[in-house]
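Structure record follows, encoded as structure tokens.
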Amino acid sequence: MIQKVRAAAPEMMLFLAALAIRLAAIGSRSLAYDDAFSIFLAKRSLAEIVNGTAADTMPPLYYFLLHGWMKVGDGVIWLRLMSVLVSLATMVVFYWFVQRLAGRKAALWAGLFLAISPIHLYHAQDLRMYSLLTLLVCVHWAAAYKTIQADGKVRWYWWALIWASAALAFYTHNLAGFSLIAPSVYLVVQRKWR
């Protein structure tokens, strides 16, 4: 047991550091217009959120999640904590994906770069849908990679994860398709028609 903990120490340190960085000064950033709009819309009923997003540029999934999150509390730090947790979940999926793609050392470096990425840190404290979109795109790419590597012999739940992550990404951001198309482009370039 102790050997397993020691072996996983770099990953644990990486994720604890990422959490600490994301929580640092979480309450000191003022609310921007977009943050205030997210709060305003998420306070409405689900039907009103759908109507509100019909007039907005973004789909309703993030506002639905924020609506549910606000049932527990509505302080600014609490609201931002949802994006922090989504950002950390993104790091877990991203680490898994890079480790499968290039090994543990590459995954640790990639995880470090993601942990300190200014844009990722900004959106980890943002009251907008960008952290959620990043998570869903990472899940989509990781599941697509798993199915490509399996060369047709993959379990059904990986396919379900591909479709679910794509659908949820489209319900998160209108431009999700630009990121979701990458695995398909790879297959076309590699001429893997199956």
Side-chain angles (χ1 to χ4, degrees), residues 1-29 61-62 65-66 69 72 76-151 153-166 168-169 172-173 176 178-183 185-187 190:
M1 177 69 169
I2 293 175
Q3 283 183 325
K4 287 183 180 180
V5 171
R6 282 187 187 152
E11 286 84 357
M12 291 188 318
M13 293 299 292
L14 175 66
F15 291 110
L16 288 174
L19 175 62
I21 293 168
R22 279 152 180 72
L23 292 178
I26 194 170
S28 64
R29 193 168 126 193
L61 181 60
Y62 174 79
L65 294 175
L66 189 59
W69 190 257
V72 177
V76 174
I77 293 174
W78 173 255
L79 295 178
R80 287 190 173 147
L81 188 58
M82 185 176 88
S83 291
V84 167
L85 295 176
V86 169
S87 173
L88 289 174
T90 302
M91 285 195 61
V92 170
V93 173
F94 185 69
Y95 178 89
W96 180 92
F97 177 50
V98 175
Q99 184 182 29
R100 298 304 182 279
L101 190 64
R104 182 181 186 209
K105 188 174 180 181
L108 285 168
W109 279 106
L112 175 64
F113 290 135
L114 186 62
I116 62 172
S117 165
I119 192 77
H120 201 253
L121 289 171
Y122 180 83
H123 290 305
Q125 294 182 352
D126 204 12
L127 291 175
R128 297 295 286 165
M129 71 290 303
Y130 304 112
S131 284
L132 180 60
L133 176 65
T134 305
L135 172 62
L136 293 168
V137 168
C138 280
V139 168
H140 183 79
W141 286 4
Y145 174 77
K146 183 71 175 174
T147 58
I148 290 168
Q149 291 303 105
D151 200 27
K153 300 175 186 111
V154 70
R155 299 201 183 266
W156 66 269
Y157 50 82
W158 288 105
W159 287 107
L161 196 54
I162 288 173
W163 289 102
S165 60
L168 292 173
T172 301
H173 198 285
F178 289 110
S179 296
L180 298 175
I181 199 168
V185 169
Y186 170 80
L187 291 173
Q190 293 296 315

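Everything quoted here is computed from the prediction, not taken from an experiment.
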Practice item. Using the side chain to side chain contact (heavy atoms under 4.5 Å, CB included) rule, take D126 and R29 through it: C-alpha gap first, then chi angles, then the decisive distance, then the call. Key: CA-CA 9 Å; D126 204 12; R29 193 168 126 193; 3.2 Å; yes

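Residues V137 and T134 form no side-chain contact, since every pair of their non-hydrogen atoms from C-beta on lies 4.5 Å or further apart. In this structure, the side chains of L23 and L81 come closer than 4.5 Å at one or more pairs of heavy atoms. Under the 4.5 Å side-chain criterion, counting only non-hydrogen atoms from C-beta, R104 is in contact with Y95. In this structure, M82 and Y62 have side chains that are in contact, with non-hydrogen atoms separated by less than 4.5 Å. In this structure the side chain of R22 reaches within 4.5 angstrom of the side chain of H120, judged on heavy atoms.
Among all heavy-atom pairs drawn from F97 and A142, the shortest one is CD1-CA, 3.7 Å. The minimum heavy-atom distance between T172 and L168, with the atom names listed, is OG1-O, 2.7 Å. Scanning all heavy atoms of the two residues, the minimum distance from L14 to A115 falls at CD1-CB, 4.2 Å. The minimum heavy-atom distance linking I77 with G27 is given by the pair CG1-CA, 3.7 Å. Here the closest non-hydrogen pair linking W141 and L180 is NE1-CA, 4.5 Å. Heavy atoms only, all atoms of each residue included: L136 and S165 are closest at O-CB, 3.7 Å.
Atom CD1 of I162 is separated from atom CD1 of I148 by 7.5 Å, given to the nearest 0.5 angstrom. A distance of 6.0 Å separates CG in L65 from CG in L132, rounded to the nearest 0.5 Å. Residue Y145 holds its OH atom at 15.5 Å from NE2 of H140, rounded to the nearest 0.5 Å. Rounding to the nearest 0.5 Å gives a distance of 8.5 Å between CG of L114 and CG of L121.
With hydrogens and angles ignored, the 3.5 Å screen pairs a side-chain donor or acceptor of S131 with a backbone N or O of H123. Side-chain N or O atoms of S117 include none that pairs as donor or acceptor with a backbone N or O of F113 at under 3.5 Å. Judged purely by atom type and a 3.5 angstrom limit, Q125 uses its side chain to pair as donor or acceptor with the backbone of A24. Proximity of a side-chain donor or acceptor of R80 to a complementary backbone N or O of V76 within less than 3.5 Å is not detected. Checking side-chain atoms of W69 against main-chain N and O of W78 turns up a donor-acceptor pair under 3.5 Å.
Shown here is L101, whose CG atom has more than 12 heavy atoms of other residues, nucleotides or ligands within 6.0 Å.
Partners of R100 under the salt bridge (Lys or Arg N to Asp or Glu O under 4.0 Å) rule, at least two apart in sequence or in another chain, do not exist in this structure.
The aromatic ring centres of Y130 and H173 sit less than 6.0 Å apart.
Using bins of under 30°, 30° to 60° and over 60° for the plane-to-plane angle, the ring pair W158/W96 lands in the parallel bin.
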